[in-house]
Amino acid sequence: MNKVNESIPQEFILLGFSDRPWLELPLFVIVLVSYVLTIIGNLTIIIVSHLDPRLHTPMYFFLTNLSFVDLCYTSSIVPQMLVNICSTRKVISYAGCVIQLLLSLALGAIECVLLAIMSFDRFVAICRPLHYSVIMHQRLCIQLAAASWIGGFSYSVLQSTLTFQMPLCGHKEVDHFFCEVPALLKLSCVDTTANEAELFFFCVPFLLIPLTLILISYGFIARAVLRIKSTEGRQKAFGICGSHLVVVSLFYGTAIYMYMQPPSLASKDRGKVVSLFYGIITPMLNPLIYTLRNKDVQGAFKRMFLRVFLIKK
């Protein structure tokens, strides 16, 4: 019992880029600006989608879920990161690390599934427009969203439990910005081959399968777009699909790089930079790419501002 207690630290030291202090100020500015933009963009989408009845559709139901996930995900890691960047003592309590890992894993997994569901929604809307309302009915949308949340948190509880069961033997310096599985596995004083294999196995249903479904959906969408006779219509559709795929590639590509290779083989500095993309940059880009460029959302903005202006009058 004493050995177990000795192996569990009361707090972890999050090293980040502490060996490169000249990077901390520009990193603080980038992370802070990205976080503020993430909050503004995603809150705006949630509020506008809720207030405008014309946006009460499956597409915006899933987008609202995505925006809420992005808000919670960034809020689970960024505030602590900003505090640590400004502090000389860059620590997080053991309990805080457990909660941070639970939330970030769950919300990251939920986002992976939601992006696949959203691509399926677009596939049905574009390739089966006459059957859209029959296929994407309200009950199915709620079931799909609920399945993503339940699956994400179930995976998180299991993965977090397995990670924190590894003996640390007093090691408490996490070479990362926040508590993440690959970084925590490196602290273990025993062989982690089984844990790395298990991490890879769990990533298949939450990374590889959703990414495959997204690529298949967009393949069918591209084929349907090619049938559009209008050159302008084709260019517009490809522009929208292209921007979606860029964000999807950025999110899944960086997450796969981080989670689907053995932590022992990953470059520690490269892994830190990669985690910033799926942890901070992608949640900031999602509102811009998926909704703020959309004419429906722009129309909803105008109607909302007109309503507020008329009320003040």
Side-chain angles (χ1 to χ4, degrees), residues 8-9 12 14 38 42 62 64-81 92-118 142-168 174 176-188 192 194-211 213 248 251-263 266 271-272 274-280 282-283 286:
I8 300 176
F12 290 102
L14 299 172
T38 299
N42 286 291
F62 293 125
T64 301
N65 271 268
L66 181 67
S67 292
F68 183 70
V69 167
D70 282 338
L71 272 176
C72 296
Y73 183 58
T74 53
S75 296
S76 71
I77 59 176
V78 171
Q80 179 73 47
M81 187 188 301
I92 184 172
S93 67
Y94 183 85
C97 187
V98 172
I99 293 170
Q100 188 178 74
L101 185 66
L102 275 168
L103 289 176
S104 61
L105 276 179
L107 295 166
I110 293 167
E111 178 152 354
C112 289
V113 178
L114 275 177
L115 288 172
I117 294 171
M118 288 165 60
I142 293 172
Q143 288 174 339
L144 289 172
S148 68
W149 283 85
I150 293 169
F153 273 98
S154 300
Y155 159 69
S156 175
V157 170
L158 182 57
Q159 181 65 70
S160 299
T161 302
L162 292 171
T163 300
F164 282 106
Q165 280 182 343
M166 298 294 292
L168 303 178
V174 181
H176 205 24
F177 297 110
F178 55 96
C179 292
E180 201 166 24
V181 176
L184 289 170
L185 286 181
K186 291 179 180 179
L187 297 184
S188 180
T192 60
N195 291 74
E196 292 172 7
E198 165 267 320
L199 178 62
F200 182 91
F201 173 79
F202 279 124
C203 284
V204 171
F206 286 101
L207 283 174
L208 290 186
I209 292 177
L211 178 59
L213 293 175
V248 164
F251 178 76
Y252 283 98
T254 52
I256 287 171
Y257 173 85
M258 192 70 180
Y259 278 85
M260 298 198 74
Q261 66 169 325
K272 295 173 193 175
V274 163
S275 68
L276 294 178
F277 280 95
Y278 62 77
I280 297 171
T282 304
N286 278 340

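A pairwise comparison of heavy atoms in Ile150 and Ser154 identifies O-OG, 2.7 Å as the closest pair. Of all heavy-atom pairs between Leu208 and Ile256, the closest is CD2-CD1, 4.0 Å. Closest approach of Val174 to Ala183, counting heavy atoms only: CG1-CB, 3.8 Å. Closest heavy-atom contact between Tyr155 and Ala109: CD2-CB, 3.9 Å. Closest approach of Gly151 to Phe206, counting heavy atoms only: O-CZ, 3.5 Å.
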Before giving the answer on side chain to side chain contact (heavy atoms under 4.5 Å, CB included), spell out for Leu14 and Phe177 the whole-Å C-alpha distance, their side-chain angles and the decisive distance to 0.1 Å. CA-CA 6 Å; Leu14 299 172; Phe177 297 110; over 6 Å; no
Walk me through whether Phe277 and Tyr257 qualify under side chain to side chain contact (heavy atoms under 4.5 Å, CB included). CA-CA 11 Å; Phe277 280 95; Tyr257 173 85; over 6 Å; no
Run the side chain to side chain contact (heavy atoms under 4.5 Å, CB included) check on Leu211 and Leu115 step by step: do they pass? CA-CA 9 Å; Leu211 178 59; Leu115 288 172; over 6 Å; no
Side chain to side chain contact (heavy atoms under 4.5 Å, CB included) between Phe153 and Ile110: does it pass, once the steps are laid out? CA-CA 8 Å; Phe153 273 98; Ile110 293 167; 3.8 Å; yes
Test side chain to side chain donor-acceptor pair (under 3.5 Å) on Gln100 and Ser104 and set out the steps. CA-CA 6 Å; Gln100 188 178 74; Ser104 61; over 6 Å; no
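For the atom pair Asn286 CG and Met118 CE, the distance stands at 7.0 Å (nearest 0.5 Å). Atom CE of residue Met260 and atom CZ of residue Phe201 lie 11.0 Å apart, to the nearest 0.5 angstrom. Between Asn65 atom CG and Trp149 atom CH2 the span is 6.5 Å, to the nearest 0.5 Å. Residue Ile77 holds its CD1 atom at 8.0 Å from NE2 of His176, rounded to the nearest 0.5 Å. The CG atom of Leu187 sits 6.5 Å away from the CZ atom of Phe12 when rounded to the nearest 0.5 Å. One finds the CD atom of Glu111 at 7.0 Å from the OG1 atom of Thr282 (value rounded to the nearest 0.5 Å).
In this view, Ser93 satisfies the side chain to side chain donor-acceptor pair (under 3.5 Å) rule with no residue, not counting sequence neighbours. For Cys112, the disulfide bond (SG atoms under 2.5 Å apart) test picks out no residue, with sequence neighbours left out. Annotation: side chain to side chain donor-acceptor pair (under 3.5 Å) contacts of Asn195 (sequence neighbours excluded): none. Every residue meeting the side chain to side chain donor-acceptor pair (under 3.5 Å) condition with Ser67, not counting sequence neighbours, appears here in chain and number order: Asn42. With sequence neighbours excluded, no residue satisfies side chain to side chain donor-acceptor pair (under 3.5 Å) with Tyr73.
At least one donor-acceptor pair under 3.5 Å links the side chain of Thr74 to the backbone N or O of Asp70. Ser156 places no side-chain N or O within donor-acceptor distance of the main-chain N or O of Leu105, the cut-off being under 3.5 Å.
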Please tabulate, one pair per line, all N/O donor-acceptor pairs under 3.5 Å involving side-chain atoms of residues 161-168, not counting sequence neighbours.
from   : atom 1 : to     : atom 2 : distance (Å)
Thr161 : OG1    : Val157 : O      : 2.6
Thr163 : OG1    : Gln159 : O      : 2.8
Thr163 : OG1    : Gln159 : NE2    : 3.3

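Under a cut-off of 6.0 angstrom, the local environment of CZ in Phe68 is sparse, with at most 12 non-hydrogen atoms contributed by other residues, nucleotides or ligands.
In this structure the side chain of Phe178 reaches within 4.5 angstrom of the side chain of Met81, judged on heavy atoms. At a threshold of 4.5 Å between non-hydrogen side-chain atoms, the residues Ser160 and Val98 do not count as touching.
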